[in-house]
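All values reported here derive from a predicted model rather than from experimental measurement. In what follows, residues are counted from 1 in the order of the sequence shown.
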Amino acid sequence: MKKFTKLIAVLSAAAIISGAVAGCGGEEKKVATTDGKSFSYWTVVDPDSSSTIGNYSEMMMYQELEKRTGVHIDFIHPIAGSTGNEAFVAMVSGTSMPDMVEYNWNGYTGGAQQALDDGIIVTLNDYLKDNAPNYYSYLEGDKAADNNHIYKLQTTTDEGNYYGFNVLNVGSIRGFAGLFVRADKLNEWGMEVPETVDEWTAVFAKAKADGFEKPFTCDNNVISFVSSDVHGFNTAFDVGKLFYLEGDEVVFAPFQDGYKEYVAQMAEWTKLGYIDTGFVTNDSAKIEGNMANSISIAAWGYVGGGLGKILPAVKAKDDSYDLVACPYPVANKGDVSRFQMVYPEANDKAIAITKDCGNVEAACSWADYFYSEDGMILQLFGIEGDTFEKEEREDGTHYVYTDKIRKHEGFQSVGEALYHYMLPCNHPGFNQHEDYLYGYYPYQSQLDALEIWNLGVENARPQKLPPVANTEEEIREIIDIQEIAEPELEIALNDIILGKQSIDTFDAAIEAAKANGYDRWIEITQAAYDRYLAKLQK
């Protein structure tokens, strides 16, 4: 019996725990799969592809994939503008399912295991070794030891079941965002890239005196505790965001030593006019506008989405304009933070094979191609001689995009060209290949950011809470806690930062949060992490 009560609300809560839920809806249709030569495949068109691609059947990568595998894929995409949660509910509650579904499966109510228990998707334990040898080799085969079996740990449910073909992150780069500042202004003023609170204070004071109305601009995720991967100035106080680990203990950031000092510092900077008080409602367009129009000198953003949007927009008018990534702030100059963005080894976004697939073995074989050497190259770089060339260097073979990509002929950007031809990032297969990253970003500031925002990856790994799965009952309990506790605590702390309340109200806000259920939320998250550890022991 399928369980859909409060599914949309549960999906929303699970997205906070596991990452953004991807998915939309559309009418279902079936393709005969008894011969294993054709499958129906439900997936959302990547936002970076949607400006030029209406259906993945138009994409070079999938057209070439059909030639190589002899398998036709009939793509089912969402109706433009529909929401992911509503569409997913509509699909799984229907009378039939497509053969394969690409989805963030821990966003299903009760997680991926519940989707297996509900009979929505098929457990793949008995299929992978014989039908998906490339994928299996990274999980339990020849290459599993190279990743310390972490891929297996992060692609199975607490019961040890494989639910799909996941995104596997490769390489050493795990951080893709952080603080950045106007490099041209620092040079003009003879100032260094700030690392400590005192250095940032000096930069903000100079910027304010030089006419920058709001020296630091950001959104609420940067200031508040609500996002585990968005670290800003909290790192200077040796405290993280949301839930993280101290040893094997799950802790909640605002309850930890250092968070009160962090809030007090943000309040002090706001009082001095250094922080954009619109952070509660700011969106990316507002932040980018503040930076482009010299209202702000510093912000938080992504290599592609922050730096990659602001730089081309402004440099077209002012070539002297430049941005530089800043190390995650620390208390003492030269230190390396214990906290930063750290992507896991595997994401829960996966190609799952559904209950209605007529040939699970053939579907596994098709999906397995993405984990082969040739499949990886096709997905990340395209076709040799067309979108990339091989280049031999002292450290081995590298894949270099051609001018078709680098000069984005016929497209507005490198990203638009890439995602017209292929799906090089955040899709099942291999993710974050360094040749892709260094070949994708056109500005030196972006390439430097990849280095700077990964200086503390190894320091931060022990504190990073890995992807953990909550049971259906736990998620429902989290929803009830979250509806009351999170907004009350967030408003209370933001009011301190905005000067509406004194820092003396901090302790009372923390006690209220504990009474409203955060202590229980910590217990629930600890239980999920303990199950993860038990799986690791096995």
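Put simply, the side chain of Lys535 gets close to the backbone of Leu153: a donor and an acceptor are under 3.5 Å apart. Side-chain N or O atoms of Gln114 include none that pairs as donor or acceptor with a backbone N or O of Tyr108 at under 3.5 Å. The backbone N or O of His398 sits nowhere less than 3.5 Å from a side-chain atom of Glu391 that would complete a donor-acceptor pair. The main-chain N or O of Pro98 is never found under 3.5 Å from a side-chain atom of Asp356 such that the two would form a donor-acceptor pair. Without hydrogens or angle criteria, Asn125 side chain to Tyr162 main chain gives a donor-acceptor distance under 3.5 Å. Between the Ser49 side chain and the Val45 main chain, no donor and acceptor come within less than 3.5 Å of each other. Between the Thr157 side chain and the Asn161 main chain, a donor and an acceptor come within less than 3.5 Å of each other. The backbone N or O of Gly232 lies less than 3.5 Å from a partner atom in the side chain of Asn234, making a donor-acceptor pair. In terms of modelled atom types and a separation under 3.5 Å, the side chain of Asn347 and the main chain of Lys349 share no donor-acceptor contact. Listed for the Arg338 side chain is no donor-acceptor partner under 3.5 Å among the backbone atoms of Val239.
For the residue pair Tyr151 and Ala346, the shortest heavy atom distance occurs at CD2-CB, 4.5 Å. Across every non-hydrogen atom of Ile73 and Tyr41, the tightest pair is CG2-CB, 3.5 Å. Pro327 and Val193 make their closest contact through CD-CG1, 3.9 Å (heavy atoms, listed as atom of the first residue, atom of the second, distance). When every heavy atom of Leu307 is checked against every heavy atom of Gln446, the shortest pair comes out as CB-CG, 4.0 Å. In terms of heavy atoms, Thr43 sits closest to His77 at O-ND1, 2.9 Å. When all heavy atoms are compared, the tightest approach of Arg531 to Asn470 is NH2-CA, 3.9 Å.
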message: Run the side chain to side chain contact (heavy atoms under 4.5 Å, CB included) test on Leu423 and Met59 for me, step by step, so that the C-alpha distance in whole Å, both residues' side-chain angles and the decisive distance to 0.1 Å come before the verdict.
response: CA-CA 9 Å; Leu423 294 173; Met59 183 176 284; 3.8 Å; yes

field: Check against side chain to side chain contact (heavy atoms under 4.5 Å, CB included), Lys355 and Ile121
entry: CA-CA 5 Å; Lys355 61 183 179 63; Ile121 57 178; over 6 Å; no

message: Run the side chain to side chain contact (heavy atoms under 4.5 Å, CB included) test on Glu389 and Tyr399 for me, step by step, so that the C-alpha distance in whole Å, both residues' side-chain angles and the decisive distance to 0.1 Å come before the verdict.
response: CA-CA 6 Å; Glu389 298 285 0; Tyr399 307 98; over 6 Å; no

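In this structure, CD on Glu195 lies 9.0 Å from SG on Cys326, to the nearest 0.5 angstrom. How far CD of Gln444 is from CG of Leu323: 13.5 Å, rounded to the nearest 0.5 Å. With rounding to the nearest 0.5 Å, the separation of OG1 in Thr235 from CG in Leu179 is 7.5 Å. Taken to the nearest 0.5 Å, the CG atom of Leu380 stands 10.5 Å off from the OG1 atom of Thr387. We find the CD-CD1 distance between Gln340 and Ile452 to be 12.0 Å, quoted to the nearest 0.5 Å. Rounded to the nearest 0.5 Å, atoms CG (Leu128) and OG1 (Thr155) are 8.5 Å apart.
With sequence neighbours left out, the side chain to side chain contact (heavy atoms under 4.5 Å, CB included) criterion links Gln379 to Met61, Phe370, His427. For Glu249, there are no side chain to side chain donor-acceptor pair (under 3.5 Å) partners at least two apart in sequence or on another chain. Every residue meeting the side chain to side chain contact (heavy atoms under 4.5 Å, CB included) condition with Lys129, not counting sequence neighbours, appears here in chain and number order: Tyr136. By the side chain to side chain contact (heavy atoms under 4.5 Å, CB included) test, Ser413 pairs with Glu416, sequence neighbours left out. Residues passing the side chain to side chain donor-acceptor pair (under 3.5 Å) test with Ser224, sequence neighbours excluded: Glu490. Every residue two or more places apart in sequence or in another chain that forms a salt bridge (Lys or Arg N to Asp or Glu O under 4.0 Å) with Asp403 is listed here: Arg406, Lys407.
Taking 4.0 Å as the cut-off between side-chain N and carboxylate O, Asp229 and Lys464 count as a salt-bridged pair. Using a cut-off of 4.0 Å between Lys/Arg side-chain N and Asp/Glu carboxylate O, Lys37 and Glu66 are scored as not salt-bridged. Comment: Arg461 engages Glu345 in a salt bridge, judged by a side-chain N to carboxylate O separation of less than 4.0 angstrom. Using a cut-off of 4.0 Å between Lys/Arg side-chain N and Asp/Glu carboxylate O, Asp374 and Arg68 are scored as not salt-bridged. One finds no salt bridge joining Arg174 and Glu458 here, because no Lys/Arg side-chain nitrogen approaches an Asp/Glu carboxylate oxygen to under 4.0 Å. For the pair Arg476 and Glu473, the salt-bridge criterion is not met [side-chain N within less than 4.0 Å of a carboxylate O].
Aromatic ring pairs are classed by plane angle as parallel below 30°, tilted from 30° to 60° and perpendicular above 60°; the pair Tyr371 and Tyr135 is tilted. Aromatic ring pairs are classed by plane angle as parallel below 30°, tilted from 30° to 60° and perpendicular above 60°; the pair Phe381 and Tyr401 is tilted. The aromatic rings of His420 and Phe411 are tilted relative to each other, their planes meeting at an angle between 30° and 60°.
Side-chain atoms of Val330 and Val336, non-hydrogen and from C-beta on, never get closer than 4.5 Å to each other. Between Phe388 and Asp435, the closest side-chain pair of non-hydrogen atoms is not below 4.5 Å. Inter-residue side-chain proximity for Tyr163 and Val122 is flagged as unmet; no heavy-atom pair is nearer than 4.5 Å. Between Phe252 and Lys241, the closest side-chain pair of non-hydrogen atoms is not below 4.5 Å. Within the 4.5 Å cutoff, the side chain of Leu245 has no heavy atoms near those of the Pro462 side chain. In this structure, Phe165 and Cys364 have side chains that are in contact, with non-hydrogen atoms separated by less than 4.5 Å. You'll find the side chain of Leu465 reaches within 4.5 Å of the side chain of Tyr529, heavy atoms only. By the 4.5 Å heavy-atom criterion applied to side chains, Ile120 and Thr354 are not counted as neighbours.
Ring centers of Phe339 and Tyr328: at least 6.0 Å apart, outside the cut-off. In summary, the aromatic rings of Tyr436 and Phe430 are positioned with their centroids too far apart to meet the 6.0 Å limit.
A side-chain donor from one of Asn431 and Asn426 sits under 3.5 Å from a side-chain acceptor of the other. Side-chain atoms of Tyr127 and Glu361 form no donor-acceptor pair, as typed in the model, at a separation below 3.5 Å. Counted by atom type alone, Ser57 and Asn55 present one or more donor-acceptor pairs between their side chains at under 3.5 Å. Looking at Gln113 and Thr471, their side chains never bring a donor and an acceptor atom within 3.5 Å of each other.
Counting non-hydrogen atoms of neighbouring residues, nucleotides and ligands closer than 6.0 angstrom, the CD atom of Gln412 reaches no more than 12 such neighbours. More than 12 heavy atoms of other residues, nucleotides or ligands shown are found within 6.0 angstrom of CG on Asp386.
Results of the ring pair (Phe, Tyr, Trp, His ring centres under 6.0 Å) test with Phe176 over Tyr343, Trp300, Tyr440, Tyr441 single out Tyr343 as the only residue that passes.
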